[in-house]
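Only one structure is covered here, and it is reproduced in the block below.
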Amino acid sequence: MTQIITRFAPSPTGYLHIGSARTALFNWLFAKHHGGKYLLRIEDTDRARSTDDAVCAIIDGLNWLGLIPDEEPIFQFQRAKHHADMALKLLNEGKAYYCYCTPQELEEMREKAKLEGKPQKYDGRWRDRDPKDAPKDIKPVIRLKAPNEGETILYDHVQGLINVANIQLDDMVLLRGDGTPTYMLSVVVDDFDMGITHVIRGDDHLTNTFRQIQLYNAFGWNLPIFGHIPLIHGQDGAKLSKRHGALGVEAYRDMGILPEAMCNYLLRLGWGHGDDEIINMQQAIKWFDFNGIGKSASRLDMAKLFHINHHYIQHKSTEELLILLEDQFKQTDKPLLSHEKDRITIGIEGLKKRAQTLVELAENAWIYRDIRPIKIENEDQLKTIADLKEVFSDLFQHLSSIQEWSHPMLDLELKLFLEQKGLKLGKIGPSLRLILTSKLNAPSIVDVMLALGKEESLLRLGDFI
RNA sequence: GUCCCCAUCGUCUAGUGGCCUAGGACGCCGCCCUUUCAAGGCGAUAACACGGGUUCGACUCCCGUUGGGGACGCCA
């Protein structure tokens with residue numbers, strides 16, 4: 001049995017698109033599931049649009065998700081010479097021909113076809129024409145002499161059996177006028193040379209596949225197995241675009257999404273395994289296969305992504321979370337100090353259950369950083385605090401006398417204090433929380449005091465009496 | 001316009017002819033817990049696009065309609 005080899009083949013014209021990321025994930029999982037190899041090929045044959053930045057962005061994105069290829073990436077453009085030779089080979093074998101059409105002619109052809117209600121395609125006018133008729137001033141392209149009757153059949157492992165009448169497919173360009181190979185040619189030659197056994201890619205390539213099959217046939221090569229996965233749409237069901245929100249995976253990383261949450265979410269978008277929702281990568285490798293892939297397009301749902309992210313945050317260890325937090329804070333101008341880390345370590349439980357993203361976690365964690373004196377802008381809040389000044393002064397004394405700064409003790413002493421004063425926590429709670437954290441919404445007061453420690457708690461309280 | 005694909009709660013999905021009074025998850029709503037915000041617990045609402053067949057029996061198979069999507073480049 002031959003080893004299974006899959007590939008992810010993005011064109012480096014921008015960030016790693018969220019849909020592409022899922023394609024990469026599926027290829028990676030499929031390969032791992034079958035004990036095969038997953039390769040990366042950068043399709044940079046469009047020299048005008050390909051950039052090094054995009055290559056970096058894509059590789060960064062894949063690394064972030066943990067989708068590391070099993071071999072060094074292949075850059076398609078470096079193989080252009082070989083691709084061109086393969087086109088020439090077909091030409092010599094009479095399976096391809098020179099076409100001298102101008103772009104204008106092609107344009108007219110399409111216009112005409114549209115008006116007549118015919119498929120928009122090249123009409124093959126140079127297919128059997130004598131090259132002696134060739135205009136001298138035009139650099140010809142090489143086109144495949146594709147069959148113009150019968151049909152091309154694809155057994156797609158996701159979509160099932162599909163066939164297209166060859167009359168619908170025109171003689172595609174293999175080599176451009178400037179001698180560079182087109183995508184269609186490069187893909188087929190590379191997939192063949194790389195020994196790709198399974199081509200898993202987006203639905204948008206489905207029609208290309210029929211042309212590519214014709215090329216495989218012209219070369220006399222065996223077909224790989226194809227699986228075309230449905231596209232990801234925006235909330236409104238239309239093709240995912242900028243107005244639907246973030247497209248690049250790096251934007252999700254910047255939002256504070258965990259890579260494992262991203263993978264889990266992407267995995268469940270278009271693939272299912274019974275009622276399972278939270279699936280780690282080990283489990284996914286065990287379960288992933290064509291049969292779980294759905295046939296219909298799915299919509300991106302941020303709420304669910306956030307929910308899954310929340311789940312993964314809850315299950316991170318304190319150590320891991322602290323590293324992630326340090327990372328978050330590196331992006332601000334105040335790196336995390338060691339005593340701040342100590343406070344956060346104590347308060348982490350209260351923080352993380354309130355965070356759906358790392359960004360939120362970091363924002364919430366600010367209450368445990370050095371932010372004295374606490375700034376409160378709201379006049380009403382300041383007034384309420386001022387009105388309670390005596391109570392807080394007494395509370396300061398009360399807390400100062402506590403020897404054991406522990407959760408049960410603080411809980412007890414706070415209750416005791418309120419009882420003595422004949423107060424409900426509702427009366428002073430909001431103000432106290434403001435004094436300690438500057439926020440109206442935060443973890444419980446006892447948790448906050450515990451994490452801050454006695455000294456800092458009293459200092460913050462002292463600032464307001 | 002031509003060709004191709006798709007169609008279960010708002011969303012992601014389970015369901016492969018009888019296990020379906022259609023299951024789970026997210027969201028939404030309600031209740032409980034609660035010093036706030038969360039988290040958590042409990043509960044509710046909610047779907048087989050439509051019309052024909054096939055069959056003893058269709059969410060499941062077939063055909064059509066409608067709706068949605070994709071592809072029609074010397075882009076990838």
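The chains referred to below are lettered A, B, ... by the order of the sequence lines, with proteins before strands, and numbering in each begins at 1. Here the structure is a predicted model, which means the values were calculated and not measured.
By the 4.5 Å heavy-atom criterion applied to side chains, A/Thr207 and A/Gln168 are not counted as neighbours. Considering only heavy atoms from C-beta on, A/Arg79 stays 4.5 Å or farther from A/Met86 through its side chain.
B/G1 and B/C72 make up a base pair, with Watson-Crick or G-U wobble contacts both under 3.5 Å. Base pairing analysis places B/G67 opposite B/C6; the two distances defining the Watson-Crick or G-U wobble pair are each below 3.5 Å. B/C61: Watson-Crick or G-U partner is B/G53, with both key distances under 3.5 Å.
In the interface, the side chain of A/Asp44 is not paired with the base of B/A76 through any donor and acceptor atom under 3.5 Å apart. Interface remark: the A/Lys352 side chain does not form any donor-acceptor pair with the B/A39 base, using a distance-only criterion of under 3.5 Å. A donor-acceptor contact under 3.5 Å links the side chain of A/Arg433 to the base of B/U35. Remark: the A/Asp203 side chain and the B/G70 base include no donor-acceptor N/O pair separated by less than 3.5 Å.
In this structure, A/Arg460 fails the cation-pi test against A/Phe464, since its NZ or CZ atom is not both closer than 6.0 Å to the six-membered ring centre and inside 45 degrees of the ring normal.
Nucleotides B/A14 and B/A47 place their C1' atoms 13 Å apart, quoted to the nearest Å. Between B/C63 and B/C26, the distance separating the two C1' atoms is 37 Å to the nearest Å. Separation of the P atoms belonging to B/G15 and B/G52 is 28 Å when rounded to the nearest angstrom.
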Inset, instruction - Decide yes or no on salt bridge (Lys or Arg N to Asp or Glu O under 4.0 Å) for A/Glu377 and A/Lys375, but give the supporting numbers first. - result: CA-CA 6 Å; A/Glu377 313 275 341; A/Lys375 285 191 207 63; over 6 Å; no
